[in-house]
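Scroll down for the structure; my scribbles are underneath it.
A quick note: this is a predicted structure, and the numbers were derived from the prediction, not measured. The chains referred to below are lettered A, B, ... by the order of the sequence lines, with proteins before strands, and numbering in each begins at 1. What you see below is based on every heavy atom in this structure, not just the backbone, and it leaves out hydrogens, waters and symmetry mates.
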Amino acid sequence: MWKKKKQKVSGEEAMYMQTQWQLMRHKFRKHKLAMFGLIVLIILYLVGFFSEFFATQDVYKRSTQSINVAPTRIHWVDKDGKFSILPFIYGKKMEEDPVTWEKIYTEDYDVKYQLHFFYKGDKYKLLGFIPGDIHFFGTEEPDVYHPFGTDESGRDIYSRTMSALRVSLTTGLVGVFFTFILGSILGGISGYYGGVADTIIQRIIEFLMSMPSIPLWMALAAAFPDTWNSLQKYFAITIILSLVGWTSLARVVRGKLLELRNEDFVMAARVAGASDSYIILHHLLPSFSSYLIVNVTLAIPTMILSETSLSFLGIGLTPPIVSLGVLLKQAQSISTISMYPWMMIPGIFVIISVLAFNFVGDGLRDAADPYK
Amino acid sequence: MSEEKDRKPILEVKGLKKYYPIEKGLSKRVVGYVKAVNDVNLTIYQNEVLGVVGESGCGKTTLGRTILRLLEPTDGKIIFHFGDKTVDFSALTRQEVRDYRKYLQMIFQNPYTSLNPRMTVFDIIAEPMRLSKAFTEEQITERVRKLITQVGLEVRHLNRYPHAFSGGQRQRIGIARSLAMQPKFVVADEAVSALDVSIQAQILNLLQDMKDQYGLTYMFIAHNLSVVEHISDRVCVMYLGRVVELAETEELFYHPRHPYTEVLMSAIPVADPTTDTKRVELKGDAGNAAHLPSGCPFHPRCRYGKEICRQELPQLREISPGHFTACHLADQLKLSGLEELKLTAKKEE
Amino acid sequence: MAQEDYILQVKNLSTWFKLDYGMLKAVNDVSFSLKRNQTLGIIGESGCGKSVTASSILRTVTTPGKIVGGQILYNDGKKEADLTKYKPDGAEIRSIRGNEISMIFQEPMASLAPVYTIGAQMMEEILVHTPKQQRDKKKAKETCIEMLKAVGMPDPEQKFNSYPHQLSGGQCQRAMIAIAMVNRPKILIADEPTTALDVTVQAQINDLMKSFQKQYNMSIIYITHDMGVIAEMADSIAVMYLGRVVESGSAVQIFKHPVHPYTRALLRSMPVLGHKTTEHLPAIEGNVPVPIDPPDNCGFCTRCLEKMEMCAHVVPQTIEIEPGHFVRCHKFNPAD
């Protein structure tokens, strides 16, 4: 709070001088699962953020030559038994089933493509403005390497998943940001002032919580004008999600405030002549900020899941935006799943990111009160 | 009051009441009151230690907090005398109360919850001074350094956070904070009861030193009667929100004039295996401040109870100089004090 | 000399907790004996290991804690058994726990299950320890109500069907004792049973325990930090400091002729009723250390006024300085 002299201190002394955040970090680091989750999340966000670089090709590029292609097999040893350090793939041959007209792809052992890092591929604009054409890993030859296969229009699912990660993971963040603002303001008013304001806010929360969320989303989503572009829709969805999602956070804030208001050290500040606003700013807020962070972290996966289910139902984000829910929408029918199971791969990323957030949230929860 | 002409009162409490409404149903209809503090009259003199004892729920903590206006009194007057200034503390608005906070302080029971774990020791002790806005940052630094050494810690401890300290050390920090503004009147609410036996003595000594050094007046709330006897000049016994007896410490311990005090005395365990205690029986369970009995609040448990006790509420009266009791039968009863109750050396081997 | 009749002998017991930042030696080479039908008081400050000693006897130490050495010899009159040899959740210890050795705790409200009636909790205690064929609910209920009457519970029939929150603190502690006593245990371990109670209630509960002891020929281990209470209750006393018993002997020996510097300092530092002075109390300076990876020394050497050179390097041995009076201090070691 006030200026502190930095000086060399012994290890033990340093421990005594650790702030709340330092203690939390220390405790969090010991939580192995949470650290693992954190690393996974960092990777996912990095990949999502620079998805154009990590993608193997342009997200929207279609190829009539590869419709519903299964994930490309990667080889280290060729058919002659020769080993190479960097993997390679074989080209593909397309045949049509004479009865069903279904396209059947087999490996063409005569054509070999070496895979390697940092190759020149499709041109892109990183983050929308940095031009580039270097891709992370793959082969220069277009339309042969599909790590996750392709969809019915011949688009590369791997590249689309990378791009979808960005949209889906940031929807979570942006949605939680609005949730955080709504939840802490309304919960704060409810908890600190009590009385009529508290009663009204609590009734609103109960009302919102008693509404089945999917019909509520549908009703709100139906209110968008068709003329909105994808960016506007994206923000509208995050706002809808946070309008429904702030209630539980508000309850946490209110409960914590009620609990902290009766702490002895708050009483001591009042004895010292502190005003209400001083107590809120200097004692209450710092005390429950760590709890807020935990709850916000645990709210992000809910947001991601909500966006995914909304888009899956077709009432959330819609093409041309690529989100994990939009990708999964292609895997709606049983026949698709049974014939082209790789359409489900984006779902694995939903599970991974939700799990990772929950692990991190768990670790934060354990670390949130380092004084216990 | 009577013979203490040379002693100036610092605090006069007159007819103080703190009731909590009991609400029922959706409409929050008030169906009764918990009378936590019920018509308390007290005078505390400058530079004395008034011990307040009684069982849990007797209202001693509520009394302390109501006097400091941390709780709003339901009725009654709280009058402070700070030097020549007399302040009707109960009549001030919440805003005005804050101007007088610097004279009043509190020491808490639990040293683990009374310090904000997120602030350094320096910031904790400096907080009252910063809030008063009457000091420069240099003055604050100087004073905090002085205070921390006065309470037996070191200047190098100031950058630490409370988690680095044991219970006794934290209590020292709490005491340093309470002394920061040089208060006149300190409510010590069970200030040593959460501490280890070997630490209690340290803190009691510190409280006494600080009292001498700063000319403090303590209201020392506690349930450990040996500790109260040690530190207090006068002792006030509370039962169900009322003061039932008030006297000089020795007078109260050796010549109690209220049956409840006698029960308390007989229940104190003595740290001497060769002492035999004569137990005075106490009937029934502790009363409930939400359902007060008629007449004397203690009569359902009193072994001397007469008809008048059931019907009439005894008022606190001065039965001998400086000795107040609220018992109808005080003149007739021959109650036992420590001397009669603790039969020492009966079985010395 | 005839062998004393001990119901419980703890010999060189060590219970350690493996924590992230070191080994917490909560109980470190502790020995004491409990005579049949007598009360042993264990006194010490918070963190001295007195509660861990109790849970070691009942084998309820949970991970990361572990009994790493020593014996707990329980002699029920017929045979002697070493409780440390039993599995912590095995049938042998369970047949003893709550049956022959029971325990009451500091927080009566927290130790009673809030969702069961007092009666249900007492009945369970009886039925668990009766073989299936002989279980008789009606008879068990009668026993319970009798016991509630015996602990001085007002309105026992009605209180049998009450939930813990409907009782006051004193009544809860009475109910705890009723539950602990319902199987007529041979040993009752009382861990700070009156610390949370008012002084008047404390006196009642202690008197109750004393009368039960006479009535049922019970031995009591009474754990507390209150010197006054222990003087009233105990026949013999073990003083613990930092995981070790520093002095033990009869109550009179400890209170009238204490020899260990810690015991003496502790007794001096307390305000004594009826000896009001304006003088300073002779407090023990310093703080209670935490026994995490303690060095091989006398734990009290950091605060001891009579400290010698060797106290900081050598663990003192326990010496019997007069019959039944043991002390663990270098001052009394003839070899030094």
Grab the two heavy atoms, one from B:Leu104 and one from A:Val271, that are nearest each other, plus how far apart they are. O-CG1, 3.8 Å

Take B:Glu127 and A:His283 through the test side chain to side chain contact (heavy atoms under 4.5 Å, CB included) and record every step on the way to the result. CA-CA 11 Å; B:Glu127 185 174 53; A:His283 288 288; 2.6 Å; yes

Heavy atoms from other residues, nucleotides or ligands near NZ of B:Lys184 exceed 12 (cutoff 6.0 Å): no

Report, as yes or no, whether the 6.0 Å neighbourhood of atom OH on B:Tyr33 holds more than 12 heavy atoms from other residues, nucleotides or ligands. no

Any donor-acceptor pair under 3.5 Å from B:Arg98 side chain to A:Gly273 backbone: yes

Around A:Phe180, counting heavy atoms of other residues, nucleotides and ligands shown, do more than 12 lie under 6.0 Å from its CZ? no

In short, B:Ser114 meets A:Phe265 closest at the heavy-atom pair O-CB, 3.4 Å

Say you draw a straight line from CD1 of B:Ile107 to CG of A:Asp264; how long is it, rounded to the nearest 0.5 Å? 12.5 Å

Check whether more than 12 heavy atoms from other residues, nucleotides or ligands sit under 6.0 Å from atom NZ of B:Lys211, and answer yes or no. yes

Working to the nearest 0.5 angstrom, can you tell me the gap between A:Arg270 CZ and B:Arg94 CZ? 5.5 Å

Other residues, nucleotides and ligands only: do more than 12 of their heavy atoms fall within 6.0 Å of CD on B:Glu142? no

Can you tell me how far apart CG (A:Asn262) and OG1 (B:Thr113) are? Round to the nearest 0.5 Å. 11.0 Å

Does A:Phe49 have more than 12 heavy atoms from other residues, nucleotides or ligands lying within 6.0 Å of its CZ? no

With a 4.5 angstrom heavy-atom cut-off, could you sort out which part of B:Arg69 is near chain A: side chain, backbone, both or neither? backbone

Given that the side chain runs from C-beta out, which part of B:Met106 has a heavy atom under 4.5 Å from chain A: side chain, backbone, both or neither? both

If you count heavy-atom pairs within less than 4.5 Å of chain B, which of A:Pro286, A:Ala269, A:Ser287 leads? A:Ser287

